[in-house]
Amino acid sequence: MDHPAKLDAAAGPTDDAAARRTALADLTAEIVACRRCPRLVAWREQVAREKVARFRHETYWGRPLPGFGDPDARILIVGLAPAAHGGNRTGRVFTGDASGDFLWTALHEVGLADRSSSRRADDGLTLLGAYVAAAVRCAPPANKPTPEERDNCAPFLARELAALDRVRVIVPLGAFGWEAAFRAISTMTGEDARPRPRFGHGAEARVGRYAVVGSYHPSQQNTFTGRLTMPMFVSVLSRAREMAEIAPA
């Protein structure tokens, strides 16, 4: 796997839309084929075979998930990992589960998605100025990747950030995504925030050309308990849109 910092230094930033799309397509192919973490490979494939009753007639994706969204995005949203019966089933990050329902509704509310609901990867959902990725690309048991699995996946996010050269704002979802975002920035640019700003909902930081604004993850644990409400989430995404200087639709 190419070191992302070397990749970025060799290629340099580009505004060429075709080159950006080619870089993302090449990275997508590499992510989908990845088998670096034996525990994650075994788990994602086991889930895809055994399924759950409500999805027993569906064919699961059962592979790693690339990012999804607008290649010309100015905002990058970073989640934790695919859900076992969400993205691991549908083949698209944050698609087919409750967390995704919450995310798409909020993105639509602030004008960064063309619809408020998405349950399938082929339903035509389009993001406008935003791109969504996960820090870890395979569904992990108990939704808890190991440090080694986190580190194995880290270069993918850095390379995605390098390819998405128009991004200026990163929105990490949860503390895991917060740490992954700063690691990606550091790997890609050599710049880091030290001491690392503490994660919190609405927390803001800046590293080089990137602004980072945190949000609680839209997991059911957070949304069902009221720790994260839709107005709270919309507020963070609206702030990100403002910082990215994306004009209202």
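Quick note: numbers below take in every heavy atom, side chains included, and nothing from hydrogens, waters or symmetry partners. Along the sequence shown, residues carry numbers from 1. On a predicted model such as this, the values are computed, not experimentally measured, just so you know.
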Inset, instruction - Could you pull out the closest heavy-atom pair between T95 and A121, with the gap in Å? - result: CG2-N, 4.1 Å
Legend entry - Check ion pair E179-R196 (N to O, under 4.0 angstrom): yes
Legend entry - From S219 atom OG to N143 atom CG, the distance as rounded to the nearest 0.5 Å: 8.5 Å
Inset, instruction - Kindly work out whether a path of hydrophobic side-chain contacts (I/L/V/M/F/W/Y, heavy atoms less than 4.5 Å apart) joins V47 to L65. - result: no
Inset, instruction - Would you check if C138 and V41 make a side-chain contact, meaning some heavy-atom pair closer than 4.5 Å? - result: no
Legend entry - Nearest atoms (heavy-atom pairs only) where M230 meets A106: SD-CB, 3.7 Å
Inset, instruction - Say whether, by atom type as modelled, one donor and one acceptor occur between the side chain of D114 and the main chain of T126 under 3.5 angstrom. - result: yes
Inset, instruction - Would you please say whether a donor-acceptor pair under 3.5 Å links the side chains of R92 and S118? - result: yes
Inset, instruction - For the pair R239 (side chain) and V236 (backbone), establish whether a donor and an acceptor sit closer than 3.5 Å, ignoring hydrogens and angles. - result: no
Inset, instruction - Using a strict 4.0 Å threshold on nitrogen-to-oxygen distance, state whether R119 and D101 make a salt bridge. - result: yes
Legend entry - Nearest heavy atoms of L127 and G69, plus distance in Å: CD1-CA, 3.8 Å
Legend entry - Beyond-backbone contact of E45 with R35, side-chain heavy atoms, under 4.5 angstrom: yes
Inset, instruction - Could you grab the distance from atom CZ of F199 to atom OH of Y216, nearest 0.5 Å is fine? - result: 6.5 Å
Legend entry - Spacing of CG belonging to L107 relative to CD belonging to E109, to within rounding of 0.5 Å: 10.5 Å
Inset, instruction - State whether the side chain of R166 and the backbone N or O of D72 hold a donor-acceptor pair below 3.5 Å, judged by distance alone. - result: yes
Inset, instruction - Please examine the side chains of Y210 and L161, heavy atoms only from C-beta on, and report whether any two atoms are closer than 4.5 Å. - result: yes
Legend entry - same_hphob_cluster(W43, W61) at 4.5 Å side-chain heavy-atom cutoff: no
Legend entry - Side chain proximity check, Y131 to V167, heavy atoms < 4.5 angstrom: no
Inset, instruction - In plain terms, say whether E160 and R137 are close enough for a salt bridge, that is, a side-chain N and a carboxylate O under 4.0 Å apart. - result: yes
Legend entry - Straight-line distance of R150 CZ to C37 SG, nearest 0.5 Å: 11.5 Å
Inset, instruction - Enter the distance from T187:OG1 to D192:CG here, rounded to the nearest 0.5 Å. - result: 8.5 Å
Inset, instruction - Give a yes or no on this: more than 12 heavy atoms of other residues, nucleotides or ligands lie within 6.0 Å of atom CD of E191. - result: yes
Legend entry - Heavy-atom side-chain proximity of Y60 to R44 below 4.5 angstrom: no
Legend entry - Trace of the side chain to side chain contact (heavy atoms under 4.5 Å, CB included) decision for L237 with I77: CA-CA 9 Å; L237 294 174; I77 299 167; 4.3 Å; yes
Legend entry - S186 side chain vs F182 backbone, donor-acceptor pair below 3.5 Å: no
Legend entry - Minimum-distance pair of heavy atoms, taken over all atoms of L76 and A133: CD1-CB, 4.3 Å
Inset, instruction - Kindly say whether G124 contributes a backbone atom to a donor-acceptor pair with the side chain of R115 at under 3.5 angstrom? - result: yes
Inset, instruction - Taking the side chain as every heavy atom from C-beta outward, state whether R168 and E245 have any atom pair closer than 4.5 Å. - result: no
Inset, instruction - Tell me whether L112 is reachable from V234 by hopping between hydrophobic residues (I, L, V, M, F, W, Y) whose side-chain heavy atoms are closer than 4.5 Å. - result: yes
Legend entry - Beyond-backbone contact of F94 with P218, side-chain heavy atoms, under 4.5 angstrom: yes
Inset, instruction - Begin with the C-alpha distance, continue with both residues' side-chain angles, and end with the deciding distance and a verdict on side chain to side chain contact (heavy atoms under 4.5 Å, CB included) for N152 and E148. - result: CA-CA 6 Å; N152 282 345; E148 181 181 8; 4.1 Å; yes
Legend entry - Carboxylate-amine/guanidinium proximity below 4.0 Å for D70 and R74: no
Inset, instruction - Please check if V213 and I170 belong to a single hydrophobic cluster, counting links between Ile, Leu, Val, Met, Phe, Trp and Tyr side chain heavy atoms closer than 4.5 Å. - result: yes
Legend entry - Heavy-atom closest pair, residues A134 and P82: CB-CD, 4.5 Å
Legend entry - For F233, the option from V110, T105, T223, L173 that meets side-chain contact (heavy atoms from CB on, under 4.5 Å): L173
Inset, instruction - Treating Ile, Leu, Val, Met, Phe, Trp and Tyr as nodes and any side-chain heavy-atom pair under 4.5 angstrom as an edge, say whether L103 and V93 lie in one connected cluster. - result: yes
Inset, instruction - State, with a plain yes or no, whether a side-chain heavy atom of H85 is found less than 4.5 Å away from one of D97. - result: no
Legend entry - Approximate separation, where rounding is to 0.5 Å, of L128 CG and R241 CZ: 8.0 Å
Inset, instruction - May I ask you to decide if G96's main-chain N or O and T90's side chain share a donor-acceptor pair within less than 3.5 Å? - result: no
Legend entry - Least distance between heavy atoms, F68 atom then L125 atom: CZ-O, 3.4 Å
